[in-house]
There are 2 protein chains.
Amino acid sequence: MRSAVLPEQTAGSRPTLEAVAARAGVSRATASRVVNGGAGVRPPLVDKVRRAVEELGYVPNHAARTLVTRRNGAIAVIIAEPEFRVFSDPFFEQQVRGISRELIAYDAQLVLLWVEGPGDHSRIARYLGGGHVDGALAFSLHHDDELPSVIRRARVPAVFGGRPFLPGGDGEPRVPYVDADNRGGAREAVRRLVSLGRTRIAHIAGPRDQTSALDRIAGYHDVLLDADPELIRQGDFTAESGARAMAELLEHRPDVDAVFAGNDLMASGALRVLCERGRRVPQDVALVGFDDMRTVVETVDPPLTTVRQDIEGMGRLMVRLLMRVLDDHGANGSRTGSPASVITPTTLVVRASA
Amino acid sequence: MRSAVLPEQTAGSRPTLEAVAARAGVSRATASRVVNGGAGVRPPLVDKVRRAVEELGYVPNHAARTLVTRRNGAIAVIIAEPEFRVFSDPFFEQQVRGISRELIAYDAQLVLLWVEGPGDHSRIARYLGGGHVDGALAFSLHHDDELPSVIRRARVPAVFGGRPFLPGGDGEPRVPYVDADNRGGAREAVRRLVSLGRTRIAHIAGPRDQTSALDRIAGYHDVLLDADPELIRQGDFTAESGARAMAELLEHRPDVDAVFAGNDLMASGALRVLCERGRRVPQDVALVGFDDMRTVVETVDPPLTTVRQDIEGMGRLMVRLLMRVLDDHGANGSRTGSPASVITPTTLVVRASA
DNA sequence: CTCGGCCGAGAGAGCGCTCCCATGATCCGA
DNA sequence: TCGGATCATGGGAGCGCTCTCTCGGCCGAG
């Protein structure tokens, strides 16, 4: 229950609305109106107040405002430690950037919540429950992640990045999310390989406890209805796992003539193994990745054909979706129909590898 | 002057201190005392209040508390867009993690401020000036970055990561910073090369508008007092620039027998060029980097000898330093002597390349 | 037994703001 | 010229909390 032990702030008493009002020769109420847009105040007074604000260097006290309006103009972005590749992963960089940019448009602040291991959830819950933020954005998590339930219990409006594993339908409230069309993208990737005349198309799958990986597997099966199970190998989204999977593949199915990797990192690992074993890409084996990670896709040889998603756009969408949820909550008091999730399209980017 | 346009928060009126007090059968003042540690309240009452808090699920209203205490338990971390490699750069990941962890210890929140280009400074200034945060952490910037002056004008206590370019001494208040011992680290690196019997030791320097690069150059000169200017080449901390610099070096000074690169990325570029030109590392040319970036150092062949800095520790130190600054401000009203900056030690990590 | 001192608890002010409501001023049509 | 509607303005309550100040009860000392 103890709280912030931070020492007192220094800023030598900033001017208050009262001071502005006095200087402008109006009441505090009028000054407040002007500061908040100036609707319903006659121009001359608006000017006077504006000038007073300028001269005094007045900046509204956020705490006081929050106290009465019950909104605080801040959104939490929750990053779970298990996914701490977040920062090294350009995926997150772009997503957070999109979020940041969009939040600026809404004049809202980004509060970064970094979950330090499972024991840290109570801290997050406390913070979320403390009403410090108007809403939360979290990222798609693993199957057994408690974060969704922590967020739900804190009763804070939230939007997920990436489709979360959720009970789905047994009375649990659905949390809206923004995700790329992983399944459709995977279909496009595999169709590309089919159109090249490949018949033994393998898939190096991502970890089964992430929906993105599952969806990509599903897309693969959509096109290859009766795919040989032996052609599907398990990876974990790292380059090494891609290399391992490729090695297995070549061992069990040396006749493989195409590979759809669950992401670019795994594709790069697979590519390395293919080179080592003397297979030419794309002549002997065609290769498609997923994500269009700049740092990978163009530095490998040959450049990787892959599926692109608008990551920054997804970040922006998360914010917009959250704002809509908050609007609904505010307006009707309760849910205005379940807020729809958004699936953003993907595009196949053809380079040399397939 | 318009502010957050966020819709109203949903949380159905949470219990107030008043409610807790009523339930515990004490006054609001006593309840407050208990919530804030319980000093000077007799045990039976403490228990009663604690129980009431528990039962009601009371969480203090942050805004109300901030309003009266003038402290808000939040620290801004400012990231400038020009440096947007921040997220892809593991350096920042670790630094931010250190900051995040240390802030948790102080029960403070991390507010992420992302500067979106130069025009965005006014927004940052407004936010900082708005008293939303108790202090700020910013990262070492380029020579002409306005951020330091923006922060100064906002009169928010701040600590920099990396030594900033500051006028230094002409009346400007010194901003404390945390930096690695770049100069000492560079000396160690060069001494290593000297100890290997190398006599024509080159330096691929980082951009001159960053103090870290300048300090490393200085360290190089500390050891090689009369270094041939031709042995010093300019890079910009990217792998490509390292490759370019190495190519130049080989052209002008084919007799070069050692290279100290300003960072690991440039070292990796140099390494690539050395291989291409048939120079063996370390036999023909010994190579040392700087940073000990995991993703580079062990994946290149041969593994890179480099200089390691405790990046997460630097993040933590930034927080601790800031807290000390805040303490001083709070206690004495004004500066209790200039707060000292901290230079953290570096260590030479010897691998195969030198 | 009385009185000063001390300590624990409550009363109440007030942090800076927004917003409801009352109050004048203004303006229209009759 | 006057009444009622309209609109800009000010007064004032109160958001939830902390903190000072006061008060009352208990103690030990005289």
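Residue numbers start from 1 in every chain, and the chains themselves are labelled A, B, ... in the order their sequence lines are given, proteins ahead of strands.
- Rounded to whole Å, the distance from NZ on K48(B) to P on dG8(C) is 16 Å.
- Closest contact between the side chain of S32(A) and the listed nucleotides dG16(D), dT18(C), dC17(C) involves dT18(C).
- Looking at residues two or more places apart in sequence or on another chain, you find no side-chain hydrogen bond (donor to acceptor under 3.5 Å, both in side chains) involving R33(A).
- With sequence neighbours left out, A138(A) forms a side-chain contact (heavy atoms from CB on, under 4.5 Å) with I78(A), L147(A), I151(A), F160(A).
- Scanning for side-chain contact (heavy atoms from CB on, under 4.5 Å) contacts around A63(B) gives T66(A), L67(A), N61(B), with sequence neighbours left out.
- Residues passing the side-chain contact (heavy atoms from CB on, under 4.5 Å) test with R123(A), sequence neighbours excluded: D120(A), R126(A), I104(B), Q109(B).
- The interatomic distance linking L17(A) (CG) with dT18(C) (C1') rounds to 9 Å, in whole Å.
- The nearest whole Å value for the distance from the CG atom in N72(B) to the C1' atom in dC17(D) is 15 Å.
- Checking dG16(D), dC17(C), dA13(C) against the side-chain heavy atoms of L67(A) singles out dG16(D) as nearest.
- Residue pairs meeting the salt bridge (Lys or Arg N to Asp or Glu O under 4.0 Å) criterion with at least one member in residues 21-31 of chain A, sequence neighbours excluded, are E18(A)-R28(A), R23(A)-E55(A).
- Distance CG (N36(A)) to P (dC17(C)): 10 Å, rounded to an integer number of Å.
- Residues satisfying the side-chain hydrogen bond (donor to acceptor under 3.5 Å, both in side chains) criterion with R51(B), sequence neighbours excluded, are absent altogether.
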What nitrogen or oxygen pairs link the protein and nucleotides 20-28 of chain C at under 3.5 Å?
none

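- H132(B) places its NE2 atom 13 Å from the C1' atom of dC17(C), with the value rounded to the nearest Å.
- Partners of E146(A) under the side-chain contact (heavy atoms from CB on, under 4.5 Å) rule, at least two apart in sequence or in another chain, are P118(A), H121(A), S149(A), V150(A).
- A salt bridge links R316(B) to E312(B): one of the charged nitrogens lies within less than 4.0 Å of a carboxylate oxygen.
- The side chain of T30(A) sits closest to dG10(D) out of dT18(D), dA9(C), dG10(D).
- Nearest to the side-chain atoms of V41(A) among the listed nucleotides dA13(C), dT9(D), dG16(C) stands dT9(D).
- Taking 4.5 Å as the limit, every side-chain heavy atom of V342(A) sits out of range of all side-chain heavy atoms of Y177(A).
- At whole-Å resolution of the value, NE2 in H62(A) and C1' in dC15(C) are 16 Å apart.
- For the helix from dC1(C)-dG30(D) to dA30(C)-dT1(D), the rotation axes defined at the first and last 5 base pairs enclose an angle of 50°, given to the nearest 10°.
- The CZ-P distance, from R71(A) to dT18(C), rounds to 10 Å in whole Å.
- In this structure, L45(B) and A64(B) both approach DNA chain C, and ranking their closest nucleotides by distance from the 5' end singles out L45(B).
- For S27(B) and dA11(C), the shortest distance from a side-chain N or O to OP1 or OP2 is not below 4.0 Å.
- Atoms CG (N61(B)) and C1' (dG16(C)) sit 14 Å apart, rounded to a whole Å.
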